[in-house]
Structure formats: structure tokens, C-alpha cells
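We use all heavy atoms of the structure for the numbers below, so side chains are in, but hydrogens, waters and symmetry mates are not. Note that this is a predicted model, so its numbers are computed, not measured. Numbered from 1 within each chain, the chains take letters A, B, ... in sequence-line order.
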Number of protein chains: 2
Amino acid sequence: MSRFSVFYRIFASNLDEATERAEGIALEQTVEIPRDVVPKGYIEDVILGKVESVAAEEDGAYLAHLTYSPDSTGAELPQLLNVIFGNSSIQKGIRVVGFEPGERLSADFTGARFGIAGVRERVKRPTGGLIAPVIKPQGSDADTLAAIAYAAALGGADIIKDDHGLTDQASAPFKTRVEKVAAAVARANRETGGHSLYFPNIAGRGEDLMDFARFAKEAGAGGALVMPGLFGFDLTRRLATADWFDLPLMAHPTFLGTYVLSDTLGFTHAVMFGVLQRLAGADISIFPNVGGRFGFSAGECLSIADACRSPDGIGRPIFPSPGGGMSVDRAQDMRAMYGDDVVYLLGGSLLRHADRIGETIRDMRARLA
Amino acid sequence: MSRFSVFYRIFASNLDEATERAEGIALEQTVEIPRDVVPKGYIEDVILGKVESVAAEEDGAYLAHLTYSPDSTGAELPQLLNVIFGNSSIQKGIRVVGFEPGERLSADFTGARFGIAGVRERVKRPTGGLIAPVIKPQGSDADTLAAIAYAAALGGADIIKDDHGLTDQASAPFKTRVEKVAAAVARANRETGGHSLYFPNIAGRGEDLMDFARFAKEAGAGGALVMPGLFGFDLTRRLATADWFDLPLMAHPTFLGTYVLSDTLGFTHAVMFGVLQRLAGADISIFPNVGGRFGFSAGECLSIADACRSPDGIGRPIFPSPGGGMSVDRAQDMRAMYGDDVVYLLGGSLLRHADRIGETIRDMRARLA
């Protein structure tokens, strides 16, 4: 059975209406023509989406299981997303709650290149939470950012990432910044014998991205940050599968929030920040942590962590990475909540004591132990 | 004054709370660090977002006017979207209701290359609504799609567009399809002396897109369909500004619906399907028409049409293009509602009488006159 499955939560007043909406999704997401016009044979039998089941849920909504042919998508991630939720994203009361790739798409989309085990191998941290300070703010020059990165690497950071607002601005153009920051992190690693990895943000104009990624690789970047909300999930897939790149990828949630914030629209938190990130090939998925500046609940955050780490998901299990208001004070609570396989972002709180960045990281490490 | 403006509708219980949220947005969208940590000088004075005003609206929400420096974005469209709404997209109760580029971004982002006047010039249709049949469904082979396109061009279609679900699938691979459909439309044009333009869907894997666009141009495509929800708005900008491309662009709303469907999240319909499409450089913006399979109201549809056509908007006025359940029967009502500067999509209803495609288009033309 090589069809892939999408599970939709449908808001309807009764089972008949829910079933009718499910049949509407099956048409909308594939042939996009009225049912009676669908050509007989291959298109009706294979291409047209199939409603496998529709069942009432406890709270009055309905769960619809639809299947689609991989012939609709080929090995194209954007087109897969188009079939999963393209036009249905424009209809109210439909939320994507699950996706299963089936045999054929599992061969086409193999997920993260490194996953949790592969990233741990690169940072030489076989157990425990990883600590990932963020260099910022935008408007800083490259030397200032490199100095922060150097201090963080001396302090034993596992991953040092660009703020997602650092792109190719004149204050710290991509190549200047990446060269200086990568060199600073390498110098700290030489001095300490450590293995901090620098993840620059692959961002700018579309025509520059592959050049930037190649430059980052050659400059000694240890991974990269990608922003699927702005550049599409296909950028993740492209870098995750490029022979010449071969570095771990961290996905940032910017511009994606709207997809999860309404209970009756978009995607569940687990699908957006777990399933789709694994499908695209991210090794680490950033999401806003409970209790920070964003409104995700503990349950929503744990659902993301589960979707990232489940052995049943697409490809290798990946790191969930809670951020947004994370601080050293919360480290022990976070460890109790998420367990060990987590990448903790440290952003603004790190800069509060800019002269003690290394100390802050060592303190966080001690609290996570 | 070269700062650009973003207007947010903020849902808060009083003016103090709304103002605090606005100050939070100013931080979140730029420096992303606590206020007391923001470095003095350039970063605090220029880079940090500024809350220009916060005012109560009639219905209890608040309108906040923020300005940002173009230094935050450079001439990068993805980074501009990142500053407009990146992380704020993950916070509830914030909706983008307006954007004004200011002097410097107006020079960087010049909008549509053709606009309404330029597209009319290419299709030789100086007045009246344009008719744009869609070739579909996916799963059809290239010859079948070419035959539909040929019939549509013979019937006097202005624009013949690929269904947004036609990408690079094995049933009709991009290059095979584009070559055959473009040839069929050219043949019909030669036979009738007409000027139908074929808009193939520039879609597939990211690494193939520029090759596909070049191929389409060389094969005789008269424009292109783009899907910013799947590939990012920067693909539109890239094609709208590429010297070698020089063809009109039609933007499809797939995967973008979630951004507009909640009143308290995302973007207004006018910003998403009018302002942002003009910013990126689309010449025609497709959106789901009132009364079809989608739930947009007449007011929402007209707000999109106004934002597309307003002389005060970014660059040249562009065509609004209502689709999704459009049919010949509705032509006169639609003309009364939208006026003349409209591109009408004709999709599934056209295929209902596949042997009378030309007749349907001529009938529609008569009703629009």
C-alpha cells in the first residue's frame, strides 16, 4: 500500500456534513473539479483523494482519514504540502492533525541526515541536554557578534546559532559575519579542545542562498539555521539532501505561527513543528517554550517534543528545541519536563550579563546535569 | 523619512495592555532581546522598532502603528516579511492590517513589472474583464492538457493557466507539458489571430525552478503562475525582477489561507492578497471568490480587489483574480461587483462541457460585455 495518509479534524454539525466536507477535501486537494466531471480510470481510481473513514470525536468534531497517491506529488516536497493542505488551507474548520507517508514517500523523503544521534556525535555530547546560545541583536557588527560567539564557545556551548533576524544586512553582511564568527568559534575550540558548532542563518535573497550555504560550509560552519516559513520547507529538504552540504539543520518557526494558533485551522503543533520538520529533513526543530513570551501550553510543547523524537516518525528522531524566554533559572524545570534529548536555546537572557556569557553557560550545564 | 510602517490590530483589554504589547512587538520583530539589554546608539535609535501610536478602535481592539528601519531588512523580501510579522506570527491576538514601505523600500521594491496596463497590452484587451480558463485535472497527460488549452485559445481566452496542482509529476512532467501546451496555444493564436497567453505553474523541486522558468520562457509561455505559500514570496520577486524572464506573473493563494481566516491572527485579506502580492511583484492575484467553495465574504473580496487596484499601493495597480467556483452564470453579477479590471478564472465549470470550451468562453465574454 503506497498511498499516503492525511488526517484532518473537521468541524461540522453532524456526520453527514463532516463526510461531505471530507469528500470535498478529496476533490479540492487533487483534481479540483466537480465530482461528476472527474475522468474515469486512472484519475478517478488513483489520483482522486480517497476518504477512508470519518468518525466523530469526543468533543463534537470529526476525524477524517484521507489517502492520496504519491503520483500526485512525485518526490516534490512543495507539491506534497500542496496536496496535504494547499487549497484546504483556505477553508474554515479543517485542521491537519496527522500525516503518514506510506511506503513510496518514505523512500523519497528520508528525513534528517543526522538526527539526535548524529548531532550528538558532532558535538561530542553523548548524553544530556544541548545548550545553544544565540548571537544577536541585529544591527551589531560582525566583530561584536563574533566576540559573543567566542565567549559562548569558550563557555562550552554545543551550538551557537545566528539570531533568525541576522540575514545579509549591511551591519553584518552574511559572508563577513559567517567568516568572522566561524573563525572565532574555531579559535575557541582550539583553545579549549571543545566542539562548539556554529549555525549561521541561511537567509538573504533567494538567488544568493545556495552560494551562502556553500560559503558557510567552506568557512567552517558546523550546521545551519533555516526558516521554512519564509523560504519554504523545500530549502530544508534541499540542504538536507545536498551532497556538498552535509551539515545538521536547525529549523526556526518564524512566520509559521499562524498555522497553529487557531484550534480549528491550520496544523496541530505536533504536525507543524514535529512531523513537517522531520519530513523536510531538519535535525533540530525550534519552537516557543511554555512560559516565555509566547502562548504555547505545556501540552502543546510536549506534543512537539514527542513528534520530534518518536521512533515511529519520519526518518531519524530529531531534537526539539524550546526557545523564547528560556533562561538558566528554568533549566531544571525544563529538564524535568523534556528529558535529555533537547537543544535549549539561550537568547536575550544570555546578553543580560554579556561579560559572563561563559559562566552562564557553565551554570546552565551544571543545572541540566 | 525612510522608515517603513506596519499597522497591527492588537487584541487587548485596555490601552495600557495594548501599548505594552505594541512595545513587545517592536522588540520581538527586531532585536529580540529584553528592552533593558538593547545596546545604546544605533541599535536602540535606529534598529529597534518604534511604536508611533496606539489607539482604540470602535470594536474594542487597538490599532498600533509601528515603524522599522530599512537597515533591518536591506533589499531582502524574506527579511522584510520577517520584520513585519516573523515571530509575532506566533503570538495570539495580533493581526497585520496595513503596510507602507516608505521612501527607501519603495525604491528597493518596485512592484509589478506589468500591472493591469501591461497585461492588457500583452493580451490586446484594452477594456473589459479578462477570461482565464484553467487546464486540469492533475493526472491528465500533456496531450490532453494541450487539447484543452487549444480549445480555450480558439475560444478567445486571454490567459490559459495551469492548475496549481500541475507541477512536475510523471503524468505530465513540467517540460513536456509546457512545450506541448505552449505550442497548442501558439497554433490557436496563429489560426485566430488571437493573443492568448499560457501561464505554466513554476513548481517542482527548488533546484529546478529557475531552469523551469527559463524553459517556459523559451518555449513561448506568456506568463507564469507562482505559489508564494509553498515557495515563498521571494520567488515572485525573483521572477518579477529577472532580466531574462520579463513575463507577467499570477500568484496563487494555495497554502496561504490560514493566514487570513481568523479575525485575530495573521493578515487581513487585503494585506495578504493585495499588498504583499504587489510588494512581491505579482501582476495578477488569485483569491477565492465569494459564493464559491470558499468562505470569503463579498466585503473581503472587494477589499482584496481594492488593495490590488488602488493607485496608492506599491508599484503598478494589479489585477484581482477571483476564482474557485466561478462560472458563466455568475459573470454579470461579478462584473457588477468588481467592475472591469478583473481576471476571471474558469476552472471546473469549464470542463463540465469539455466539447464546448470555446463556446463557454465566448458566452462568458458576451455576458461580461
Q. Taking B:Val134, B:Leu230, B:Ile94 one by one, which has the highest count of heavy-atom pairs under 4.5 Å against chain A?
A. B:Leu230
Please state whether the side chain, the backbone, both or neither of [X] comes within less than 4.5 Å of a heavy atom of chain A.
{"X": "B:Asn87", "value": "both"}
{"X": "B:Pro78", "value": "both"}
{"X": "B:Phe267", "value": "side chain"}
{"X": "B:Arg293", "value": "both"}
{"X": "B:Lys136", "value": "side chain"}
{"X": "B:Tyr42", "value": "side chain"}

Most heavy-atom pairs under 4.5 angstrom with chain B, which of [options]?
{"options": "A:Ile33, A:Thr258, A:Thr264", "answer": "A:Thr258"}
{"options": "A:Gly74, A:Gly24, A:Gly232, A:Gly86", "answer": "A:Gly86"}
{"options": "A:Asp71, A:Thr30, A:Leu256", "answer": "A:Thr30"}
{"options": "A:Asp168, A:Leu351, A:Thr73, A:Leu77", "answer": "A:Asp168"}

Q) How far apart are the C-alpha atoms of A:Leu80 and A:Leu279, what are their side-chain angles, what is the distance that settles it, and do they pass the side chain to side chain contact (heavy atoms under 4.5 Å, CB included) test? A) CA-CA 10 Å; A:Leu80 176 54; A:Leu279 175 67; 3.8 Å; yes
**Q.** Qualifying residues under ring-ring contact (aromatic ring centres under 6.0 Å, His included), relative to A:Phe233, sequence neighbours excluded
**A.**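 ring-ring contact (aromatic ring centres under 6.0 Å, His included) check on A:Phe233 returns nothing, list empty.
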Q: Could you go through the side-chain hydrogen bond (donor to acceptor under 3.5 Å, both in side chains) check for A:Gln29 and A:Ser88 one step at a time?
A: CA-CA 7 Å; A:Gln29 294 306 102; A:Ser88 291; 2.9 Å; yes
